[in-house]
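What's counted below: heavy atoms across the whole structure, side chains too, no hydrogens, waters or symmetry copies. The chains referred to below are lettered A, B, ... by the order of the sequence lines, with proteins before strands, and numbering in each begins at 1.
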Amino acid sequence: MNNHIELLHNYFIKYSREAIDKNLFENINTKSISIDFSSKSRKGDISSNFYLVAIKKIKDKNFNFKDDLLKGLSELFFVQDCDISKNGFININIKKEFLIEQIFYLLNEKDKFGKSNFGKAKHVNIEFVSANPTGPITVAHMRGAVLGDVITSLLLNSGYKVTREYYVNNAGSQINILGNSLYKRYLELFGQSIKLNHDEYPGEYLIEIAKLIKKEDGDKWVEKNSKDKENYFKTYAVKYLLNIIKKDLKLLNIEFDKFSFETDIVSSNVINDLFKILDDSDLLYNGVLEKPKGEDIDDWEPRSQLLFKSSQIFDDQDRALKKSNGEWTYFANDAAYHLDKFNRKFDKLINIWGADHIGYIPRMKSVLKIISNSENYLEVLTCQIVRLIKNNKILKMSKREGNFVTLNEVYNQVGKDPLRYFMISKKSETSIDFDLNKVIEKNKDNPVFYCQYAYARASSVINKANDLGININSFNKNTKIKEYLTNDEIEIILKLLSYPYILHQSALKREPHRLTNFIEDVSISFHSFWNKGKENESLRFIDEKNILKSQTKLLWLHSMRIVFENIFNIIGIDYHETM
RNA sequence: GCGCCCGUAGCUCAGUGGAUAGAGCAACCGCCUUCUAAGCGGUAGGUCAAAUGUUCGAAUCAUUUCGGGCGCGCCA
């Protein structure tokens with residue numbers, strides 16, 4: 001990258017090194033140098049705290065730091081002018097010629113603009129959703145689903161290779177209960193009266209599945225009471241529900257590269273490998289866990305079982321790997337699954353978990369530290385719950401009680417774009433309230449429309465200009481361009497040119513909401529400029545009497561569309577030239 | 001009891017060491033003979049939960065307190 005922000009940052013680092021070498025300064029921590037390219041105060045195109053940071057470290061009292069710094073800065077080829085404010089900030093205005101240069105670069109890069117090779121083709125495995133196949137996917141998983149998908153895009157745009165993975169918990173007692181629940185629904189179809197236990201699944205979708213089995217096999221299973229029957233019903237249910245889940249996710253354009261099944265992990269030997277690795281590190285022992293605090297557990301009693309010394313690594317207590325009856329715990333299987341991922345030679349694992357799994361992070365990170373010998377090999381991102389609000393009431397949901405709202409239902413009410421946009425436009429660790437009444441209204445309350453509208457408006461100008469024979473197809477750099485750029489336009493151009501940094505930060509911190517903040521910010525500036533043309537005709541985009549001026553505006557309009565398209569593609573929403 | 005997350009305008013949220021703390025919605029006042037008014041401009045709205053500390057500088061970092069959420073079994 002060779003834009004003004006990068007160039008300036010590099011200059012400060014170079015300046016620091018040389019000044020330290022000349023013994024003018026003590027060591028300057030270059031990490032504390034910040035370049036502010038979006039300051040609202042607008043005292044300069046960009047500003048920096050470098051003077052404040054460095055002046056503390058000055059050694060030679062006779063050295064005139066301020067003058068030397070300003071002289072050096074003003075000699076930089078992209079700097080128009082610069083000064084240091086009373087309170088110590090460096091404010092710099094960029095030469096218009098340089099900005100125009102950068103705009104041509106942007107236009108040339110097109111969809112490559114902003115992309116980087118930061119990831120150096122390292123292969124990341126990102127596991128998300130992984131909802132148990134015991135029912136259709138619900139709003140509880142919606143946020144993690146979109147977040148995982150968008151973070152994947154961010155990583156791909158930063159030069160990583162990415163595998164999207166879904167872990168299917170198709171073993172264990174919940175699946176047995178699912179199978180039993182389905183079987184009862186099947187019996188019900190043959191006139192038997194059934195009673196579902198408290199822990200069984202009452203959802204009506206099981207009736208639909210039962211009907212299918214009846215259609216295919218008739219009463220074949222009614223009298224049967226065998227292992228075959230149990231397996232048949234639970235396998236059928238899982239297969240059917242997983243397809244529903246896939247279809248529902250497809251509605252949001254979310255697809256996976258790989259599905260891993262718990263049953264495959266169980267039947268492979270990977271859990272024994274895990275046991276050996278932990279045992280060789282002397283991290284396993286038979287012991288008794290303390291009674292957990294908090295809610296009272298009626299049937300608790302101390303029992304000896306196989307424990308993992310996770311408290312020696314990241315956790316605050318040791319965790320069970322085997323139940324007292326000798327079976328592996330869920331955690332053991334899941335840890336084995338992570339060893340399986342490690343064995344598939346990924347450079348990094350990312351998991352996206354719901355807030356209800358936060359307590360599992362220390363133990364899983366402990367396991368992966370032992371496996372990979374790296375503290376950050378596993379990165380776990382969490383997302384807090386999305387509360388659904390309807391008629392000013394919070395909808396309480398539980399899959400087992402069957403009163404949940406499915407992703408499919410919400411999709412039918414609001415559509416893909418607002419749903420995707422809303423899920424990632426807030427920091428994931430913050431819980432959000434999703435007001436169904438407001439979202440159903442489908443009006444300007446949805447910021448996604450605001451941005452799509454900005455895109456459509458920009459397109460409409462470009463198309464209109466094209467009809468008048470004005471375009472930038474064979475338009476080249478021209479010294480007159482800079483005379484036509486107003487301050488508002490320069491501000492928009494500066495924002496557009498900062499996009500690579502926003503994208504980079506967004507990918508680095510796994511925070512897609514930085515992109516939505518950015519695009520809303522640019523949209524505001526754009527709509528604002530648009531309206532100025534109503535009052536002041538000279539600010540309109542198209543002026544048939546002044547082709548060069550019109551072309552200048554088309555220049556950054558095209559740039560804006562490129563940046564918008566890139567962002568829309570990353571967050572996975574549509575854009576249209578007309579609305 | 002313990003752990004994690006959160007507390008910023010009436011509401012929903014940005015901002016995580018820098019300049020006078022921002023946006024959307026809601027409220028009030030304006031702007032359509034016009035490249036899309038699905039928009040724009042303006043007014044009003046704040047003890048950044050509280051206290052103490054760290055320093056040139058704190059919404060941001062540390063400690064404590066108060067509020068809210070989520071979690072803490074051999075479940076999955």
Side-chain angles (χ1 to χ4, degrees), chain A residues 32 34 36 38-41 43 47-49 52-53 55-56 85-89 91 132 134 169 171-175 177 199 262 289-295 297 299-301 303 305-307 315-317 319-334 354-362 382-385 387 425-435 438 442-447 449-450 452-454 456-465 467-468 513-514 516-517 520-521 524 527-535 537 540-543 550 553 578-579:
Chain A
S32 56
S34 67
D36 187 359
S38 59
S39 170
K40 295 263 156 58
S41 54
K43 301 210 164 61
S47 54
S48 173
N49 65 349
L52 282 165
V53 169
I55 195 151
K56 279 189 276 187
S85 72
K86 232 193 297 178
N87 48 17
F89 286 91
N91 291 307
N132 288 357
T134 52
N169 293 120
S173 59
Q174 289 305 317
I175 298 297
I177 293 170
D199 61 352
E262 188 181 3
L289 284 174
E290 279 178 38
K291 181 174 180 177
K293 303 217 164 111
E295 244 179 286
I297 301 153
D299 56 352
W300 190 88
E301 54 183 275
R303 279 177 184 162
Q305 59 195 129
L306 183 68
L307 301 177
D315 215 338
D316 53 7
Q317 66 178 84
R319 303 293 177 176
L321 273 193
K322 277 190 177 177
K323 305 178 192 177
S324 55
N325 65 8
E327 288 175 21
W328 294 106
T329 60
Y330 170 81
F331 166 59
N333 282 333
D334 204 13
D356 53 343
H357 285 73
I358 286 175
Y360 287 76
I361 296 173
T382 58
C383 47
Q384 288 288 333
I385 51 164
R387 289 195 305 183
S425 62
K426 317 282 179 212
K427 250 192 317 196
S428 68
E429 308 90 62
T430 318
S431 59
I432 44 180
D433 291 342
F434 193 87
D435 192 320
K438 281 188 183 168
K442 273 200 170 183
N443 57 19
K444 63 191 165 160
D445 283 7
N446 272 315
F449 290 125
Y450 186 80
Q452 286 170 324
Y453 186 45
R457 272 185 155 174
S459 302
S460 124
V461 175
I462 288 168
N463 292 335
K464 170 133 188 165
D467 291 345
L468 296 168
H513 75 273
R514 287 166 184 264
T516 54
N517 286 347
E520 283 173 37
D521 186 39
I524 288 168
H527 285 304
S528 173
F529 183 75
W530 174 284
N531 264 70
K532 284 184 180 170
K534 287 182 179 302
E535 286 157 21
E537 240 175 271
R540 290 196 195 165
F541 289 95
I542 300 168
D543 182 352
S550 308
K553 290 184 167 33
T578 55
M579 286 179 75

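- Using N1 to N3 plus N6-O4 or O6-N4 for Watson-Crick, or N1-O2 and O6-N3 for G-U wobble, each under 3.5 Å, B/G39 pairs with B/C31.
- Closest contact between the side chain of A/F541 and the listed nucleotides B/C35, B/A14, B/C5 involves B/C35.
- Residue A/K427 places at least one side-chain N or O under 4.0 Å from the OP1 or OP2 atom of B/G15.
- Glycosidic torsion of B/C66 falls outside 90° of 0, placing the base in anti.
- Contacts of A/I358 with the nucleic acid, taken as non-hydrogen atoms under 4.0 Å apart, involve only primed sugar atoms and P, OP1 or OP2.
- When Watson-Crick and G-U wobble pairs are counted only if both distances are under 3.5 Å, B/A19 pairs with no nucleotide at all.
- Between A/S85 and A/N91, some side-chain heavy-atom pair lies under the 4.5 Å cut-off.
- Pairing of B/C25, defined by two Watson-Crick or G-U wobble distances under 3.5 Å, is identified with B/G10.
- Contacts of A/E290 with the nucleic acid, taken as non-hydrogen atoms under 4.0 Å apart, are absent.
- Here the nucleotide nearest the side chain of A/M579, chosen from B/A38, B/G18, B/G15, is B/A38.
- Residue A/W530 has a polar side-chain atom (N or O) positioned under 4.0 Å from OP1 or OP2 of B/A37.
- With centres under 5.5 Å and a plane angle under 30°, the ring of A/F89 is stacked against the base of B/A19.
- Separation of the C1' atoms belonging to B/G22 and B/G68 is 24 Å when rounded to the nearest angstrom.
- Among the nucleotides B/G15, B/C74, B/A37, the one closest to any side-chain atom of A/R457 is B/A37.
- A/K464 comes within 4.0 angstrom of the backbone, heavy atoms only, and of no base.
- If you take atom C1' in B/U34 and the same atom in B/A19, they sit 40 Å apart, rounded to whole Å.
- Straight-line distance between the P atoms of B/U20 and B/A38: roughly 39 Å, to the nearest whole Å.
- The same atom, C1', is picked in B/C48 and in B/C6; the two are 14 Å apart, to the nearest Å.
- The shortest side-chain heavy-atom distance between A/R319 and A/Y360 does not fall under the 4.5 Å cut-off.
- Summarising the base pairing, B/G1 is matched to B/C72 through a Watson-Crick or G-U wobble pair whose two defining distances lie under 3.5 Å.
- Side-chain atoms of A/N531 lie closest to B/C40 of the nucleotides B/C40, B/C75, B/U16.
- A sub-4.0 Å separation between OP1 or OP2 of B/C40 and a side-chain N or O of A/Y450 is present.
- The shortest side-chain heavy-atom distance between A/I358 and A/Q384 falls under the 4.5 Å cut-off.
- Comparing the C1' positions of B/A59 and B/G71 gives a spacing of 27 Å, expressed to the nearest Å.
- Between A/K86 and B/G57, a side-chain N or O to OP1/OP2 separation shorter than 4.0 Å is absent.
- Checked against B/C74, B/C35, B/A76, the side chain of A/V461 finds its nearest nucleotide in B/C35.
- When distances are taken from the side chain of A/T430 to each of B/C40, B/A14, B/A76, the shortest belongs to B/A14.
- Of all nucleotides present, only B/G53 satisfies the Watson-Crick or G-U wobble test against B/C61, with each distance under 3.5 Å.
- Heavy atoms of A/T578 sit under 4.0 angstrom from at least one base atom.
- A/I175 is not listed as a side-chain neighbour of A/N169, based on a closest heavy-atom distance of 4.5 Å or more.
- Counting only heavy atoms from C-beta on, A/S173 has its side chain closest to B/A76 among B/A76, B/A37, B/C35.
- Of the candidates B/C75, B/G18, B/C5, B/G18 carries the atom nearest the A/L52 side chain, counting heavy atoms from C-beta on.
- Comparing atom distances between the A/S47 side chain and each of B/A76, B/A19, B/C74 picks out B/A19 as nearest.
- Contact between the side-chain N/O atoms of A/S528 and the OP1/OP2 oxygens of B/G41 is found at a separation under 4.0 Å.
- Atom C1' of B/A14 sits at a distance of 27 Å from the matching atom of B/A51, rounded to the whole Å.
- The C1' atoms of B/A44 and B/A26 are separated by 12 Å, rounded to the nearest whole Å.
- A tilted orientation is assigned to the rings of A/F541 and A/W530, their planes being inclined by 30° to 60°.
- Across every non-hydrogen atom of A/L321 and A/A332, the tightest pair is O-CB, 3.3 Å.
- When each of A/D316 and A/A320 is assigned the nucleotide of RNA chain B with its nearest heavy atom, A/D316 is the one assigned upstream, toward the 5' end.
- Against the 90° criterion about 0, the sugar-base torsion of B/G68 places it in the anti range.
- The base-pairing partner of B/G46, taking Watson-Crick or G-U wobble contacts with both distances under 3.5 Å, does not exist among the strands shown.
- Here the side chain of A/K56 is nearest to one of B/C56, B/A37, B/C74, namely B/C56.
- Spacing between B/C56 and B/U64 at atom C1', rounded to whole Å, works out to 27 Å.
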